[in-house]
Amino acid sequence: RARALIKLAKTGFKCGSGADLFHAQYDCSSWLGAKLARLQKKAATGLQQALAARQQASPATDTETLVALVDAERAHKAIQATGTEYHEQLAGIAQDVHPFSLDESQPKTAADVSSALETRAKAFEVIAKSAGITDWKGTLNKFRGQFDALALHVTFWWQFVLHSLAEAGCDPAMRDWLTCRLLPVVYWHEQMQKTKNRRQREVYRRAWQQAVAALNSDEQTANGCSTDLERWVTWAERMARNFHRSSSAVEGRNGYLSQMYHNGRGLTASRLRALTVIQNYGVRRADGTTAARRLFDREFPDLFSWLVDQMGELPLPRQRKKSAVRNPLGLAAVPS
């Protein structure tokens, strides 16, 4: 959340500034995730110690070790349940920032997104209180301060969709069928194919199946709104691919380039040796001489040509798996 860039967007370009979803989740994870992991590890160690003490207990300490074991088991189960709830709420942040609801695939507004994120924030408050974790950095207030910026992605995307339909000259009935029936099917199929998380993929799969069922049962689908379906499916795929919630991929690339070009401390020993060879045998002055030529007063072969001769035959590329044919309407009984 660079303040200078936000100010430039709002005052210079007269537009909104959207927050990065990955960094919003990362802040919450840095606040709660590591501390909960340490508490879970501590509870597991305490449980193991209580079990060992119970096994070695004498008749005189039998009651005391039993009480300690029960308390350790209760503490371990409690912190495990808290950790599970935390992971569900953390994953729920990503599930909330979508233009459609997961249960009914109804269009969502910025207010819906902000309300759902506030529910996550309240859940984080309960988790932190139950685990005795303090928010001395104000992470929760920072998270709440990004609700409008996170919801802006949904608002902008809907403006993009409606503007595209207005240019296409769709009547209200066709527009409603596209935005409430066809577009959710294609959108959830796109999210299902894109995510690498198995649990999220299953969540998106259920949403996709529900959207397909709603599309098939809609009266307008049977009454002929599905004419020119291939064209509208292509349009819906283009709309779905243009919904972005994170810029972390670009920022990660910029960070890597920053390390490459400006941070010598991040260079490995092998890379330093390679750069030394390039500096001595590859970089040439205006007169065409290299550092090795000037030092040893003799000619050396061209570095690139020598490297090509030493490499030999390059290995063949690996055989990629055949890409599956994407069919977002796989379960839809509509004419193609």
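Each residue takes its place number in the sequence, starting with 1.
Between Leu183 and Leu178, every side-chain heavy-atom pair lies at or beyond the 4.5 Å cut-off. The closest side-chain heavy-atom distance from Glu190 to Arg241 is below 4.5 Å. You'll find the side chain of Arg238 reaches within 4.5 Å of the side chain of Ser164, heavy atoms only. With a 4.5 Å cut-off on side-chain heavy atoms, Trp158 and Thr179 count as touching. Side-chain contact check for Tyr204 versus His98: some heavy-atom pair is nearer than 4.5 Å. Inter-residue side-chain proximity for Val154 and Phe243 is flagged as met; some heavy-atom pair is nearer than 4.5 Å. Within the 4.5 Å cutoff, side-chain heavy atoms of Val161 are placed close to those of Trp235. In this structure, Tyr187 and Trp208 have side chains that are not in contact, with every pair of non-hydrogen atoms separated by 4.5 Å or more.
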message = Evaluate Glu125 against Arg120 for salt bridge (charged side-chain N to carboxylate O under 4.0 Å, His left out), listing each step before the verdict.
response = CA-CA 9 Å; Glu125 283 183 330; Arg120 306 295 179 185; over 6 Å; no
inquiry  = What verdict does the side chain to side chain contact (heavy atoms under 4.5 Å, CB included) test give for Met174 and Trp232, after you've listed the backbone C-alpha separation in whole Å, the side-chain angles of each residue and the deciding distance to 0.1 Å?
reply    = CA-CA 11 Å; Met174 187 65 175; Trp232 289 117; 3.3 Å; yes
inquiry  = Could you walk me through whether Trp31 and Lys137 satisfy the side chain to side chain contact (heavy atoms under 4.5 Å, CB included) test, starting with their C-alpha distance in whole Å, then the side-chain angles of each, then the deciding distance to 0.1 Å, before giving a yes or no?
reply    = CA-CA 8 Å; Trp31 168 43; Lys137 284 188 176 181; over 6 Å; no
inquiry  = Run Arg144 and Leu140 through side chain to side chain contact (heavy atoms under 4.5 Å, CB included) and show every step you take.
reply    = CA-CA 6 Å; Arg144 283 193 167 106; Leu140 199 57; 3.6 Å; yes
ask   = Can you check side-chain hydrogen bond (donor to acceptor under 3.5 Å, both in side chains) on Thr195 and Asn197, steps first, answer last?
value = CA-CA 6 Å; Thr195 184; Asn197 187 288; 5.7 Å; no
key: Gln106 vs Phe100, side chain to side chain contact (heavy atoms under 4.5 Å, CB included): CA-CA, chis, key distance, verdict   = CA-CA 5 Å; Gln106 293 299 313; Phe100 298 101; over 6 Å; no
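Atom CZ of Arg201 sits in a crowded spot, with more than 12 heavy atoms from other residues, nucleotides or ligands closer than 6.0 Å. Summarising the local packing, CD of Glu64 is surrounded by 12 or fewer heavy atoms from other residues, nucleotides or ligands at distances under 6.0 Å. The environment of Tyr26 atom OH is sparse: at most 12 non-hydrogen atoms of other residues, nucleotides or ligands sit within 6.0 angstrom.
Listed for the Lys14 side chain is no donor-acceptor partner under 3.5 Å among the backbone atoms of Lys10. Distance alone, capped at 3.5 Å, places no donor-acceptor pair between the Asp218 side chain and the Ala214 backbone. Remark: the backbone N or O of Asp135 is not paired with any side-chain donor or acceptor of Thr139 at under 3.5 angstrom. Put simply, the side chain of Asp112 never gets that close to the backbone of Lys108: no donor and acceptor are under 3.5 Å apart. Proximity of a side-chain donor or acceptor of Arg298 to a complementary backbone N or O of Arg293 within less than 3.5 Å is not detected. Formation of a donor-acceptor pair under 3.5 Å by the Thr290 side chain with backbone atoms of Val283 is not found in this model.
Linking Ile, Leu, Val, Met, Phe, Trp and Tyr residues whenever their side-chain heavy atoms come within less than 4.5 Å leaves Val277 and Met311 in two separate clusters. By the rule that hydrophobic residues join a cluster once side-chain heavy atoms approach within less than 4.5 Å of another member, Phe160 and Leu150 end up as members of one cluster. Under the 4.5 Å side-chain contact rule for hydrophobic residues, Leu117 and Phe156 do not share a cluster. No continuous path of hydrophobic side-chain contacts links Phe300 to Phe304 [ILVMFWY only; heavy atoms under 4.5 Å]. With hydrophobic clusters built from ILVMFWY side chains whose heavy atoms lie under 4.5 angstrom apart, Leu152 does not share a cluster with Leu21.
Atom CD in Glu104 sits 11.5 Å away from atom SG in Cys180 (nearest 0.5 Å). Within the model, atoms CD1 of Ile127 and CD of Glu88 stand 9.0 Å from one another, a figure rounded to the nearest 0.5 Å. Taking CD of Gln210 as the start and OG of Ser101 as the end, the distance is 9.0 Å to the nearest 0.5 Å. Residue Tyr281 holds its OH atom at 9.5 Å from CH2 of Trp306, rounded to the nearest 0.5 Å. Here the straight-line distance linking atom OG of Ser30 with atom CD of Gln25 works out to 11.5 Å at 0.5 Å rounding. Between the CG atom of Leu229 and the CZ atom of Arg231 there is a distance of 11.5 Å, given to the nearest 0.5 Å.
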Cut-off 3.5 Å, no hydrogens considered: what does the side-chain donor-acceptor table look like for residues 43-55, sequence neighbours left out?
from: Thr45; atom 1: OG1; to: Lys41; atom 2: O; distance (Å): 2.9
from: Arg54; atom 1: NH1; to: Asp62; atom 2: O; distance (Å): 2.8
from: Arg54; atom 1: NH1; to: Asp62; atom 2: OD1; distance (Å): 2.7
from: Arg54; atom 1: NH1; to: Thr65; atom 2: OG1; distance (Å): 3.3
from: Arg54; atom 1: NH2; to: Asp62; atom 2: OD1; distance (Å): 3.4

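With sequence neighbours excluded, the residues forming a side-chain contact (heavy atoms from CB on, under 4.5 Å) with Ser29 are Tyr86, Leu90, listed by chain and number.
For the residue pair Thr289 / Asp287, a side-chain donor-acceptor distance below 3.5 Å is found, with atom types taken as modelled. In the model, Gln159 has no side-chain atom that pairs as donor or acceptor with a side-chain atom of His163 under 3.5 Å.
No salt bridge links Asp171 with Arg175; every basic N to acidic carboxylate O contact stays at or beyond 4.0 Å.
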